[in-house]
Amino acid sequence: NIPMLHLSILFTHVFLGFCFCYLFATKKNKDKDPSFIVIDEVVGMMISLCLIPKVFSAYLLAFILFRFFDILKPSIIYRVQNLEYGIGIMMDDVIAGILSLLIVRGFFY
């Protein structure tokens, strides 16, 4: 059970992340995934940690899986990063976070 405060913080970060990626990445920078934007990584990790058990091994597994998906970008993660208007910057990390969350929950529940 996830508290409403945690959920509102997550949704606020997602909303702000999409706004900032649109404003700063697409208007000011031609790089597809600029290194100065890190809110996408924050949101991805928040998603991967939001519904898992509060034990170190679950957190560690979520972190490792998120980084694996974020770095290697298998299948849909690779394709979605090419979306325009800054959407791809956020979506690849959101999907990596969701996949990590699903795998960790499968191990611990």
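Keep in mind that what you see is a predicted model, and the values were worked out from it rather than measured.
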* Asked: With a 4.5 Å limit on heavy-atom distance, are the side chains of D70 and K73 in contact?
  -> yes
* To do: Take H13 and M46 through the side chain to side chain contact (heavy atoms under 4.5 Å, CB included) test and state the conclusion after the steps.
  => CA-CA 9 Å; H13 277 79; M46 286 174 73; 3.9 Å; yes
* Asked: Cluster question for you: counting only ILVMFWY and a side-chain heavy-atom cut-off of under 4.5 Å, with indirect links fine, are L83 and Y78 together?
  -> no
* Asked: Out of curiosity, M4 CE to F11 CZ, how far, rounded to the nearest 0.5 Å?
  -> 8.5 Å
* Less than 4.5 Å apart, any side-chain heavy atom of I76 and any of R79? -> yes
* OH/Y59: more than 12 non-hydrogen atoms of other groups inside 6.0 Å -> yes
* D93 vs V43 side-chain heavy atoms within contact, under 4.5 Å -> no
* Structure fact -> Rounding to 0.5 Å, atoms CD (Q81) and CD1 (I87) come to a distance of 14.0 Å
* Measure across L51 and Y109 and return the closest heavy-atom pair with its distance rounded to 0.1 Å. => O-CE1, 4.0 Å
* Any chance you could measure C19, atom SG, to M90, atom CE, to the nearest 0.5 Å? => 9.5 Å
* Can you tell which of I64, I103, D92 makes a side chain to side chain contact (heavy atoms under 4.5 Å, CB included) with F69? -> I103
* Please report the shortest heavy-atom distance between C21 and I37, naming the atom on each side. => SG-CG2, 3.8 Å
* Distance in Å, S100 OG paired with I95 CD1, rounded so as to fall on 0.5 Å steps -> 11.5 Å
* M91 vs D40 side-chain heavy atoms within contact, under 4.5 Å -> no
* Heavy-atom check, side chain of L99 versus side chain of I77, under 4.5 Å -> yes
* **Heavy atoms from other residues, nucleotides or ligands near CZ of F108 exceed 12 (cutoff 6.0 Å)** => yes
* To do: State the CG-CG distance between L60 and L65, to the nearest 0.5 angstrom.
  => 9.5 Å
* Asked: Would you find more than 12 non-hydrogen atoms of other residues, nucleotides or ligands less than 6.0 Å from F56 atom CZ?
  -> no
* From L7 CG over to T12 OG1, what is the distance, rounded to the nearest 0.5 angstrom? -> 9.5 Å
* **Shortest non-hydrogen contact from Y22 toward Y85** => CD1-O, 3.3 Å
